[in-house]
Structures are given as C-alpha cells and as structure tokens.
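Shown next, in structure tokens, is the structure this report addresses.
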Amino acid sequence: MKKIEAIIRKTKFDDVKEALGNVGIDFFSYWEVRGVGRSREERAFRGIVYDTSSIERIKLSIVVRDKNLKNTINAIMESARTGAIGDGKIFVVDIEESYRIRTGETGNESLYIKGEEE
Amino acid sequence: MKKIEAIIRKTKFDDVKEALGNVGIDFFSYWEVRGVGRSREERAFRGIVYDTSSIERIKLSIVVRDKNLKNTINAIMESARTGAIGDGKIFVVDIEESYRIRTGETGNESLYIKGEEE
Amino acid sequence: MKKIEAIIRKTKFDDVKEALGNVGIDFFSYWEVRGVGRSREERAFRGIVYDTSSIERIKLSIVVRDKNLKNTINAIMESARTGAIGDGKIFVVDIEESYRIRTGETGNESLYIKGEEE
Amino acid sequence: MEDITTKITDISVSIDMLWVLIAAAMVMFMQPGFAMVEAGFTRAKNTANILMKNFLDFSVGSLMFWVVGFSIMFGTDLGGFIGMPDLFFSGSYGNDVDYAILIFQTVFAATAATIVSGAVAERTEFKAYILASFFITAVIYPVSGHWVWGGGWLSELGFHDFAGSTVVHSVGGWLGLVGTAIIGPRLGKYNGKRKAIPGHSLTIGALGVFILWFGWFGFNPGSQLAASGLDNISAVASIFVTTNLSASAGTVTAMIISWIRYKRPSLGLSLNGALAGLVAITAGCDVVSPGGAVIIGIVAGITLIFGVEMLDTLKIDDPVGAVTVHGFSGAVGTILVGLLATEGGLFYGGGASMLGVQTLGVVAIAAWALSMGFILFRAIKSTVGLRVPRRVEEEGLDVYEHGETAYNNFS
Amino acid sequence: MEDITTKITDISVSIDMLWVLIAAAMVMFMQPGFAMVEAGFTRAKNTANILMKNFLDFSVGSLMFWVVGFSIMFGTDLGGFIGMPDLFFSGSYGNDVDYAILIFQTVFAATAATIVSGAVAERTEFKAYILASFFITAVIYPVSGHWVWGGGWLSELGFHDFAGSTVVHSVGGWLGLVGTAIIGPRLGKYNGKRKAIPGHSLTIGALGVFILWFGWFGFNPGSQLAASGLDNISAVASIFVTTNLSASAGTVTAMIISWIRYKRPSLGLSLNGALAGLVAITAGCDVVSPGGAVIIGIVAGITLIFGVEMLDTLKIDDPVGAVTVHGFSGAVGTILVGLLATEGGLFYGGGASMLGVQTLGVVAIAAWALSMGFILFRAIKSTVGLRVPRRVEEEGLDVYEHGETAYNNFS
Amino acid sequence: MEDITTKITDISVSIDMLWVLIAAAMVMFMQPGFAMVEAGFTRAKNTANILMKNFLDFSVGSLMFWVVGFSIMFGTDLGGFIGMPDLFFSGSYGNDVDYAILIFQTVFAATAATIVSGAVAERTEFKAYILASFFITAVIYPVSGHWVWGGGWLSELGFHDFAGSTVVHSVGGWLGLVGTAIIGPRLGKYNGKRKAIPGHSLTIGALGVFILWFGWFGFNPGSQLAASGLDNISAVASIFVTTNLSASAGTVTAMIISWIRYKRPSLGLSLNGALAGLVAITAGCDVVSPGGAVIIGIVAGITLIFGVEMLDTLKIDDPVGAVTVHGFSGAVGTILVGLLATEGGLFYGGGASMLGVQTLGVVAIAAWALSMGFILFRAIKSTVGLRVPRRVEEEGLDVYEHGETAYNNFS
Ligand SMILES: Nc1ncnc2c1ncn2[C@@H]1O[C@H](COP(=O)(O)OP(=O)(O)O)[C@@H](O)[C@H]1O
Ligand SMILES: Nc1ncnc2c1ncn2[C@@H]1O[C@H](COP(=O)(O)OP(=O)(O)O)[C@@H](O)[C@H]1O
Ligand SMILES: Nc1ncnc2c1ncn2[C@@H]1O[C@H](COP(=O)(O)OP(=O)(O)O)[C@@H](O)[C@H]1O
C-alpha cells in the first residue's frame, strides 16, 4: 500500500476529483494548505509590507493498493497540469498497515469494498 | 517509531481523544479534512447541481514509540466505531527520526517526558 | 528524498520561514493544526466546562533531497525554539518517489529548479 | 381655527405613526439579530439550515399575520378569548393608520416565531419547522396576544405587559421548550456526561446580540405607539433609558456570576445576559424607574445562568439558550412589574394585587403556549416527523436538507 | 394666526425632511447589505477586492453625484432628456431643504452603481471598476434618472416608477449585464459543463440580505418624500406593508420552486428571491394593494429562478445574481404596475394604456443603460483593460490587486 | 390660541426629542461597528476577548454614566472645570426631556470608552480593562466633556466641537495612546524589523466600518439636538451632507496614498481613511461647506496614513489604528474648523482667533486625557497589572482569560 500526497491548485480540484473517479479512486481525503513557492508577491497590512509567497492550495492524501499506484499518479498528473509554474507536486510514501475502522479489516482489504471489485 | 494517521468522524473526536488519553497518548495533532467517500449527496448552488461526496472529518496524526502502536490503534478502533459506513481509516507509516524542538532530544526520547515514564 | 514534518508555534512561523529561506528551502506547504499536549486549560461553553489541551499550531511539510535534510532540520530547530514547553516536534519520513506535475520530472530533479542550482 | 386644530391633530398622528413605522423597521432588523445569534451559537454544518429557518419564519409569519393572524389578535373581541377572524386584513381596526399598526404587529409576531428556531436548532426537519412556524404566527401567538393586547380577558384584569416580555418572548420561549423537549437533545449532548457543543462563531453571535440590543430601541419605546406631546415623548425617552440600563445590568451580572461559578468571565453567557436583561425589562419598561430597571436586569442575569444550568440538569437541550432568555427571563420580568411598578408595585406600596395579576397572566399564557405547543409538536411528530435521521444530524443538516453548505472554501 | 400657519407649515416640512433624512441613512445602510451579499456569494480569495469595490463606489458615487450627477438628474430640464449640469451643487433646486434631497438621491445613485460590482465580481481590474463607477454615477444613471424623476420625457408620459425598480435597480442590472457579458465568465465556470462556484459564506450573504430588507424600509417608504398629514403617513404605512409582503412572497416562492426543481429548498435562491421581491415591488409599492404586492413578489420569485437559469444557459456568468435580481425583477415589477395599480392598472379596469407606458419606459431605459454600458465597458477594455490576468484570477484578486487577504489565520 | 401655541411647542419638542432618541439608537449601533472593526483587525485567538471588552465597556459605561458621569458632565458648573456630581441622575438638568439627553449622552460616553479597547487589544488583562473603562466613563470623559459641552471654560472661550471630534474621539484616542505606550507592543511586533500582524477577517472589519458610517448619521446630525423648524432641519440635512462627503473623501484619499506608497490600493487603510474622515468632520460638520468637508476628509486621509506610519516608527503598537483614526484625525479636524468654518474661519476672512481657540482646546483636552490616562494606566499596572503573561498572549487571550474560543469547528 502506498500513500499518494498531492499538492494541487485549488482551481484544478474538481478536474482532479473527476479524473480520480474515472480510474476508480473513490476514497481520499483533502484539505487546504498554503504552499510556499517561487511566486512571490508583496502584501502589505496597514503600511507594513510583508512577503507573500504563500498561495492557497489543496492537498490530497490517497492511500491505494500498489497495483493502483501508477494509474492514480497518472490521473493526477494529467488533470492537475496547466503548464504554468505552480502546478504542484506528488509524493509517494510507503504505508505499513491500514485498517478500516468500521469492520476492522486490514491491509489491501481495507482499501476496497468487497463484492464491488475482484 | 511509527506515525498513525487516522481519519475519523467529527462527532467521534471527543471519544477518541478520551480513549487515547486512557492508553497514555497525550500528544498528537489533528486538523479538519474532507473525506471523499461513497456517501454521495447532491448539492446545488444557485441552481447548478454539484456532487458532494465530501464530508468534514478529522484527521489525527500521532507519532508513537513502537511499543505503543498496538494500544493506540486499538483505542482508536474502539472509540471511533459506529458500525455505519463512513467510520474512517487508520494508516501506519514508518518514522525515521523524531526531534523535540525544545530540548533537541531525538528518537524515542523525544516522544515521552522523562521522569514520568520508565 | 525525505519528508520533514514539523509542528511549530504559530508565533514562530515567520522566523522559521525565514530560516528555511536562508538555507535554500524555498518550497514547502503548511497548514493549521491543533496540537494536543500537556498544557491543559479549562474551557467552558454556556456553563459546561470542557478541557482544552488543544492549541493552534502550524504544521510544515517539506520534502527535501537527502543532502538537505540536516540543514533543514537544524534551521527549524534553531528558529522554532523558545525553550518553553510546547515548542513542538520534527518528524522525518522516507519519500519513495516525487513528481513535479508541471513538467513530469521525478526524483531529486523534481525538487529543485534546474539552472538555479548545480 | 377649526382647520388649524385638525392640522395639528393630523401632524400629531403623523409623528406618532412615523415613530411606529421607524420602530417597526428597527424591530424587523431584530430578525438578522436572531439569525446571527442562532447561527453563531450552533455548528457550521447546520448554518445554512438555521439561516433558512430564520428567513422562512419571517416570510411565512409576515404573510400569515396579514392573512389572518392580525385579525385574531386585534379583531372584535369574542368572549375575551379571541378576535374575530377576518381574511387578508380587509376590515378596519380603528387605528389612525391601520397599516402602520399592521406592520408593527407583524414584526412582533415574527419575533415570537423566530425564537423557537433557536431552541430546536441542529436537529429539526425543515418541513416540520415551517409547519410549526405557520401555526404559531397564524393562531397560537395571536390568541394569547389577544388576551393582553387585543382587549381580551387578561387586559380586563389589568395585566401589564407593555411590549411583550410575556406576550411575545415567553410565548416563543415556552413553545421552544416543548419543542426541544419533544424532539430530544442533540446527538452526543448527554451521553453519560453533559458535553459542551460550542457555537461555531461567537463573532457572528455577538454581532447578533448587538443588533438585537439596537432593535430593542424600536421594540420597547415603539410600543408606546405615539411620540407627540410631552407625555408621549417623555415616556419614550424614559423607556430608552430603562431598556438600556436593564440590558447593561443583565450583561454585567451574567458576566460576574459566570466568573464566580466557572472561574472565567464567559462571553457566551454575558451575551445571553444582555438578552435576558432586554427580555425582562420589556414588560415593565414604561412603569419602572431606572433603578428598578437595573434591578430587573440583575435578576434577569441571575435567572439566565441558573436557568441554563437547570435545563442542562434536566437534559433539555436548548442550543442557543432561547428558553432561558425568552421563556424564563420574560416570565420573571413580567412578574417583577408587580413589585417594581412605581405605581401599583408592591415595593412602592401598591399592595399585592398587581403582583397577583402579573403572576396569573404569566401562568395562564405559559399554560396556553405549553399546551398548544405540545399539541402542535406531537401532531407534527406523528405526521411529517420532527427530527432528521441520525446520519443527517451527524453530517450536517445543510447538505442533506438544503443541498448547500454555508462555508465553501475549496473552489 | 399668520404666524401659526407658518409655524405649522414649518413643522410639516420638518417632519417630511426628517423622515427623508432617516430614510437616507437607512438606504445608505444598504451599502453594507450589498457588500455582504457580494462578499458572501463569492470566493474568499476575492473578498478584500469586492469589499474595496463596495467602499469605493459609494465614496466615488457620493463625490460625483454632488460634483455633477445631481444637477444632471434634477437640474432645469433640457429638452426632456437631461438636467442642466451645475458643478458642486451650487444652484438651488426648489426643494424645501435641498440638502436633504441631495443626500437622499446620493444614496440612491450609489445603489445603482454598487449593483454592478456583483455582476462583474471575481475577475475585473480594480482600476477598470473605479472608472465604470465614476461614469455611472456622474452621467449614465443621472440621465435616465432625469427622464423619470427629473421632469424628463418619461415622466411627461406618466411612467410610474415610484422608488426605482427601473430607474435604480434595472439600470444597475443592465449595466451589470453588459459588463459581465463583455468581460466574460469566470475561469472554469463553463468548461464543457456548467460548474457551481459556491460563495464562501452564506452567513455573511444572509446577513447582507437581511440588511437590505431593512434598508428597503427607507428606500421605498422614504421615496414618499413626506410623512406629515394623514395622506402622507398613510401612504408611507401602506408602502411598508406592500414592501414587506412582496419580499416575503418572493422568498417563499423562490424557496418552493427551488425545492421542486432541485429537490431541496435552497438558501441561496431564497435569499435572491427575497431581493427579487423587494426590487419588483419598488416601482409600484405606492399604488398596489397588499394582495397585489404578494402577486408581484410571487412573479418576482419565479422570474428569479428562471432568470438565473437562463443566464447560465447563455453562459453569462453573474456570480451573485445581480442581473436577475435587479435587472429582470426590476423590469417585471415595473411592468406589473400596469396590471396591478389599483388606479389605472389593467386588472382594475384601467385599460392598457398604463401598461403600455410602463413597458415603454422599461424598454427605453434598458436600451439606454445597455448601450451606454456597452460603450463604457468597451472603452475601458480597449484602454486600461477590463480583466485581470489568468494567474491573478486563479490565485485571487486580493493578493495581486490589493496586496492583502481578507482572512488571515497564520499569525 | 394660548392652547394652540402650547400644542405647537409641544409638537416641536416632540419632534426634536424623537430625533434625538432615534439618533441615540443609531449611535448605540456604532458599538457593534467598533466591535466588528476591532475584532476583524485583530487575530482570531483574541476575538472573544475583544468582543467581551466591547460589550463590557458599553454596559459599564451605560451604568456609570447614569450613576454619576452625566452629572459631572452636565451638572451645575463648578468653576468651569466640572459639573456638580449627583448620584443616579436624580436631579433635573433643564432639558425638555432629560431622559432623552441622558441616553443620547450615554451612548457618546460609551463611544469614547470603546475606542481604547482597540488600541490596547490582544495583550491587556481583562480585569485591567474593566477598571480603565470604569474610570473613563465615570470621570475622565465627563470632566473634559464638561469643559466643552457642559458650560465649562472651553465653551466660554467659544471652542467649537459640534459633535465631538475632540470631546469624544480624541479623548478616546489619547487614552488609547497612553494605554498602548505603557502596555508596550504585542509580542513579535517589533523584533528587529516591523512585522505586519494582519487582522483575521477584513470582512468583519469592513462591515464594522460600514456600520460606523451609518451610525455617524446619528452621531453628527443628532447632535443638533433638534429637528423642528426650517433652521434646525436644514442644519441637520447639511450635516448629513458634510459628514458623508468627508467620509468619502477620506476613503478615496487613503486609497490613493496607499496606492502610491505601497504600490497597491489597500482595503485596510481605505477603511481607516473612511473613519478618519468621519472623525475629522465631527467637530465642524455644522459650520463648514460641503467643499470644506471634502477638504477635511482629504486632510484626514493624509493624516491617517502618515499617522499610522509615525506610530510604527515610534514602535507604538496600535493594532486597529485607534490612535490615528480617533486621536490624530480628531485633533486635525477640530483645528481645521478654525480655517474652514464659513463664519469665523481663517480662510473665510474670520481671522486667526478661532483657529487659536480651536488649537488651545485640542491641546488642553489632549493634555488632560494624556495625563489622566497616564495616571490611570500606571495605577492599574502597579496594582492589578496590565498585561497578560507571555504564554497567554501567544496562545490567545480567549482560552486563558475567558475559557472560550470564538471559532469552534471541531465538534
Ligand atoms: N519540496 C516541497 N515540499 C512540500 N511542498 C512542496 C514542495 N515543493 C513544492 N511544494 C508545493 O507545491 C506547490 C507548487 O510548487 P511550485 O514549485 O510553485 O510549482 P512547480 O512545481 O510548477 O515549479 C508549492 O506552492 C508548494 O505548496
Ligand atoms: N484510501 C483512502 N485514502 C485516504 N482517505 C481515505 C481512504 N479511504 C477512506 N478515506 C477517508 O475515510 C473516510 C471514511 O471512509 P469510508 O470509505 O466512507 O467509510 P468506511 O471505511 O466505513 O467504508 C472517507 O471519507 C475518507 O476521508
Ligand atoms: N507524538 C506526537 N505526534 C504528533 N504530534 C505531536 C506529538 N508530540 C507533540 N506533538 C505536537 O507538538 C506540539 C508541542 O508539543 P509539546 O509536547 O506540547 O511540547 P514539548 O515538545 O516542548 O514538550 C503538540 O501540541 C502537538 O501538536
């Protein structure tokens, strides 16, 4: 099992979600983060200038079975790309164990719904 | 050292926190995430329908010494379960190193307060 | 490649960001989390007392090339420390793969901008 | 000469009615006050729902009170109990400017209705709430209102409720009380121990309280229904002062008690204390002295804290404190008129008769509101149903009942 | 005797003008109403920008209307088309208290201007917006305003627009329509399928609507421009009632239709329904019966839902619904006066002539606003530019245009 | 005949006092304005605390001004310096309707007090703040108020401060200045370089400014204390116009200067510019022309930007800009009356004497407020303490001082 952490543009979220759905990834979590990157802009509050390289982005966290890793990454790569600086990153982390709280299932089993898939 | 990432229902947070306290887990971080899952509901904004499989959940991130891993997982499993779809997941990730910023302690030492525990 | 997860005080964020910039770390993500720790205070809402060991903190997530690991950790350690309880933690996780969405670059290459560095 | 006298009378009427209309606008503005208080003191996942309820009860209330409610309240008295119903406000009600009174009374009726939404917040079916709102403004509120302000039996007895501590606020509070009792507490509120479920934005809640405080300067002084002539304008001015002092005393009292009992001065309770002071002074704002107003505010602040605790002990879950603020404080404030009225109050040598009538009125109207509320909510429960399913309550009424969320940050 | 008559007249004038001034303050208070609606219904990353636009258009509008706008609107009529311009309000305009009328009309002008900001929200250059605002309050609005309220040709024909369904709201709506059409939809709004871009805070949006509802009690009844004498005060009272009923009917109608069409009662659309009801009743609030007001509110609620859908089908992106609420509902409400005016309306046996004039006025003013808007926005587009760069739109106008963000939680 | 004259007089008084009362309600409504500005411009972790302070100072102020403050300000003059104290407003003060004046003056006193909370925000002990509030409304404000409005020595000299640029706003600003100077800057504000600590919600802040702008139409025109008769109503109308123009000019000026100096038009500073314009016009709103008002607004906008910068250079940390907006702009506006008063102003050929008196008044009252503030805050510091511990400041006053947080999203 692998965890895919992707940082994407907010405006691309709907596209990514759809692309993930198309490759069968129906479960994931996401939240708002701020990304510090190269794209600096000056901000000022009451006359004091402060740098603002921080842009709101969305971070996805998706745990997948190994066999789904490639698909998922490709889906994100294609749907999140605009070609302009700031498209974001994808990172892969190894997951040692996974549990489904509802049923207590572990491992790969906890990552799909039995009966729906082989 | 392992990191336990758990995604739970918001309404179960207090119970989980208490259960963790009972097994001696006093330190962790948590934040709000949205979970995409099977439980779809339609939403509409100004007449345009959009799907909303996203429900607010809480993500816990707990780094524990190896010997506490089992306890902690059990505590979460029991306290977060309702039996209905959407109870969430627990994932385990290996942690290579840990530092306590205040003292500079590393490894297991950084994860408990000396004198309080063996 | 390693991921550094650091939990720091909100009030130290600007200092940490600057320190990171000084050691050449220009890219990272961060978000708000709540940290449960020892520092309990009682809260009450409409007469019902509830414990509030939760304090707002900032979590940084920084993926770096191995050669930058030490620098980065030191930068955070020094800039985030106040010496008082609650300074936070730094955790290191192994990253198996990394992708830059914009260009499709992978591995170390995805983590720096060619031409700017050797 | 003739002519001039008519003109002068006309001008007086104009001033009176202009004041009534401006006051009506201010009372209408209490609607966002209630909406913000109720939204701020509940959870973000139910915010669209509570806002919707507040819009709906004002809209439905405005329509129903015009359709039939007003006439039930102010129509020709039938046996001291009810006014002669009359559809679409087609008759004449003997005021200088009937429409001014209609709009003024409409916003009062809507106030009574909107109180209920706070008490039953975060778990009530939207459909059920609309139905409740409908019957409250069309029938329940107008009938008891008739007893006091429409020439009914309580007014005959001399019951004094100047601007509606009992007629408006307590009625709303009692209806909320039966409502919340029948619906039951929110999930997780009383599992073993009492759990705090803090509101999602005290900023919005505090804004709401300030708005209400402002609106109350229409609610109470506007109820003089006149402003011309030294008597009237002095009365109006004095009501401004008593209203403001009671609210201030309620705030400070609730703050001090919360400080003592819970070790810290609580904003949430101080805000409720302000409202309790405002509700309590409403009945007697015209007949008590400024000092009396301060006393009423203090008693209201005390009532508030212990009322909230009492309901919690009884496991009656009132998310925004509507029952205590409007029900209890309204009752207490009305009864205190019997003690503190500078003319007729027990403390001013007026004997106990006024106190008796005040108490009688409070009890009678509580009985009416509680029993009608009981019938109403039981009837709704056994027909369309009162409470949303568990899953809806857990994940938020907004998504399931309205297909919308109040806060959207991912696009 | 003489003396007393003068005094009485003076007092009457005082009452009239005091009411006008209080109403002006209430209409000014609609500015935060608009600001909150527009901020709440758009995304957090553009909030500072939309707030800034609302402040700016009110400030620039206040200055420009004083500098020249007022005279263009109310100055000596030149050929039925325009008033005699006069800098810095230095002339006399024959009102009892010219300054009272100036401030009252200023806040109306600012209302027309501020409507536009909602329609072109989330993608318009700040500089471009200031320019647009400037010309709208200095020239475009005053000219068509002159036709109806300044003694121009439409007033000669008997066109009835009491408080500005057409003069104020539709003008704002039509200008918004050309604006948004020329600027084009927000990024991602119509990529293949229509995408919902929900507003970031319905709480703030709902607060805004409530504030507007309150302000409308200045907008409509204040337009009587008098309150003394039974006739005037009765008119004012009746306008309170019609205004409130239409808004209520608009809310309920929009809710029901949204419930039927989208399976759930939508807060967003109900809020817009309330505004649609308010805008629609504005033209005829003085000449329709309460029942007529309810009908107008219902039609406005229907117009709202289908108007929003229609614009979406045409891929015209109006983030807050300004075009439908102000443009369409304003037009419909104005035309309905021809049917529902108790004197002269077709349904009351008045024949079709009033209906004809109403329609003519609506069309004429639409033509004026649309064509002037077209010229204005094209001119701005080809000079300073209308739209922010793609990256700015994606990451938010706040950071790039103002160097600020509305919400800051990391310090 | 006799009778009619009395009636007419009564009616005039009714109109006057009704206006005063409505204005009082509007000024009271400035309290949520201040609360929202202060909450929006500070951090989320201190929001419950700042809201609580705003409620408390209004409540305590209302009580104390009634208990003793009013009499110190308006009681029989003792040596030009102070009014005869009189407990619980038991005397008579020779107004047509004493209570109307009491409530009007109460809300003014509360305004002065509430200004301070912004300047000392995010680090002041709650207990300390209550004490400060108490003495400000009970003594400090009434005494200098007496000098100008209570028949004291400054009024004898002809010092003109119509609605309180100096009496109310500057006093609040100066007290805030000593307060913040004695307490010291917030942690991290001036570590090496100046750090921006942006407010947590400009939406809430902007709403607050709009509310204040609205309330100012009670503050300034209400200070005419009359509305009947052509003279009075014309004065009121003209004050509406000057107030609005100065605010508009202040907004636009601050925007332009911020645009030039910081490369982008800043919402935060434009909002402050609006307030600066409002504060500055308050002294002379009745005696300057509309053009004069625009000039005052422009000067206020300039003062604002450079005042904020100056304080920052001096490392005086004023989180919401209270000192600049109320202290500096109030002083500047008061002095400008000496130049721009159409009768007596230097620019209108009135010579320098008025300018001299205005300056004297500003200086005298600044001296009073600064020195009393110094004593007050030093005394509090060395008794109960002024500042919260480091940890409380870092993690937020809400949790530690009130055991509550304003925003709760985890249940
Ligand atoms: N090494 C990193 N660790 C964590 N987050 C990163 C890292 N590099 C980039 N990001 C995130 O990805 C976002 C986009 O990356 P950026 O470098 O700006 O664009 P690009 O990859 O197109 O050059 C950043 O704002 C940041 O949030
Ligand atoms: N593979 C996954 N990766 C990341 N988050 C997940 C994953 N699977 C589930 N989640 C999170 O857990 C939540 C609950 O899971 P869900 O599948 O709905 O319930 P259940 O596990 O009871 O079938 C989801 O809303 C989502 O936030
Ligand atoms: N084991 C852990 N897992 C996750 N987060 C932790 C862990 N330990 C500490 N934290 C985070 O770090 C913050 C500071 O830690 P704390 O223990 O209070 O201070 P210190 O390390 O100085 O003793 C906590 O509030 C919590 O958010």
Side-chain angles (χ1 to χ4, degrees), chain E residues 1 4 7-8 10-11 13-18 20-22 24-26 28-29 31-32 35-36 39-40 44 47-49 51-52 54-56 58-63 66 88-89 96-103 106-107 126 201 204 207 398 400-409 411, chain F residues 1 4-5 8 11-12 15 18-19 22 26 43-44 188 195-207 209-211 213-214 217-218 221 227-230 232-234 236-241 244-245 247-252 255 262-268 270-271 274 290-291 294:
Chain E
M1 219 33 235
I4 285 179
K7 264 197 186 150
I8 290 182
D10 278 13
I11 284 181
V13 172
S14 304
I15 296 173
D16 293 346
M17 291 303 111
L18 182 59
V20 166
L21 290 167
I22 292 172
M26 290 169 77
M28 179 268 149
F29 195 51
Q31 291 289 326
M36 294 301 114
T47 301
N49 178 264
L51 293 170
M52 188 77 176
N54 273 276
F55 266 93
L56 240 282
F58 185 65
S59 298
V60 168
S62 292
L63 292 167
W66 165 68
F88 302 113
F89 197 74
D96 291 315
V97 181
D98 270 350
Y99 278 145
I101 303 300
L102 170 63
I103 188 79
T106 298
V107 290
F126 186 59
S201 173
I204 290 293
L207 175 63
D398 288 4
Y400 291 85
E401 294 250 297
H402 305 287
E404 281 171 323
T405 40
Y407 303 101
N408 301 290
N409 227 357
S411 51
Chain F
M1 223 25 240
I4 286 179
T5 319
I8 291 182
I11 285 180
S12 294
I15 296 173
L18 182 60
W19 170 229
I22 292 172
M26 291 169 76
R43 286 166 292 180
K195 211 189 112 185
I197 304 184
H200 84 282
S201 173
L202 292 190
T203 310
I204 289 293
L207 174 63
V209 173
F210 266 129
I211 289 177
W213 195 322
F214 168 75
F217 290 126
S228 66
L230 277 190
N232 280 322
I233 195 69
S234 299
V236 171
S238 151
I239 296 169
F240 262 83
V241 171
N244 195 50
L245 285 174
S248 298
T251 312
V252 174
M255 182 199 80
Y262 315 123
K263 300 205 217 88
R264 298 206 164 73
S266 153
L267 173 60
S270 303
L271 294 179
V294 171

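All chains are named by letter (A, B, ...) in the order of the sequence lines, taking the proteins before the strands, and each is independently numbered beginning at 1.
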Plane angle bin for F210(F) and F55(E) - parallel if under 30°, tilted between 30 and 60°, otherwise perpendicular: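 Ring orientation of F55(E) relative to F210(F): parallel.
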Looking at every non-hydrogen atom in both residues, tell me the closest pair between [X] and [Y] and how far apart they are.
X	Y	result
N408(E)	G199(F)	ND2-O, 2.9 Å
S62(E)	L245(F)	O-CD2, 3.8 Å
V97(E)	S234(F)	CG1-CA, 3.9 Å
A406(E)	T203(F)	CB-OG1, 4.3 Å
R264(F)	G403(E)	CD-N, 3.3 Å

Winner by heavy-atom pair count (cut-off under 4.5 Å) against chain F, out of L63(E), V107(E), I8(E), L102(E):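 Ranked by heavy-atom pairs under 4.5 Å with chain F, first place is L63(E).
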Check each atom of [X] against the heavy atoms of chain F and say whether the ones under 4.5 Å are side chain, backbone, both or neither.
X	value
M36(E)	side chain
L18(E)	both
S201(E)	neither
A35(E)	side chain

Any [X] side-chain heavy atom under 4.5 Å of [Y] side chain:
X	Y	result
L202(F)	T47(E)	no
W66(E)	V294(F)	yes
D398(E)	L267(F)	no
M28(E)	F240(F)	no
Y99(E)	P290(F)	yes
L207(E)	L207(F)	yes
S266(F)	E404(E)	yes

Pair M255(F)-F126(E), side chain to side chain contact (heavy atoms under 4.5 Å, CB included): steps then yes or no: CA-CA 12 Å; M255(F) 182 199 80; F126(E) 186 59; 3.7 Å; yes
Main-chain N/O of P265(F) paired with H402(E) side-chain donor or acceptor, under 3.5 Å: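 Side chain of H402(E) to backbone of P265(F), a donor-acceptor pair under 3.5 Å: yes, one is there.
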S14(E) (side chain) donor-acceptor with G229(F) (main chain) under 3.5 angstrom: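 Yes, because the side chain of S14(E) sits within donor-acceptor range (under 3.5 Å) of the backbone of G229(F).
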Quick check on the interface: out of [options], who has the most heavy-atom pairs with chain E under 4.5 Å?
options	value
A44(F), S248(F), A237(F)	S248(F)
I239(F), L271(F), I11(F), I204(F)	L271(F)
N232(F), T251(F), N244(F)	N244(F)
S238(F), G291(F), G250(F)	S238(F)

Contacting moiety of [X], where chain E heavy atoms sit under 4.5 Å:
X	answer
I211(F)	both
S270(F)	side chain
F214(F)	both
I22(F)	side chain

Nearest-0.5 Å distance, CD1 of residue I103(E) to CZ of residue F217(F): 5.0 Å
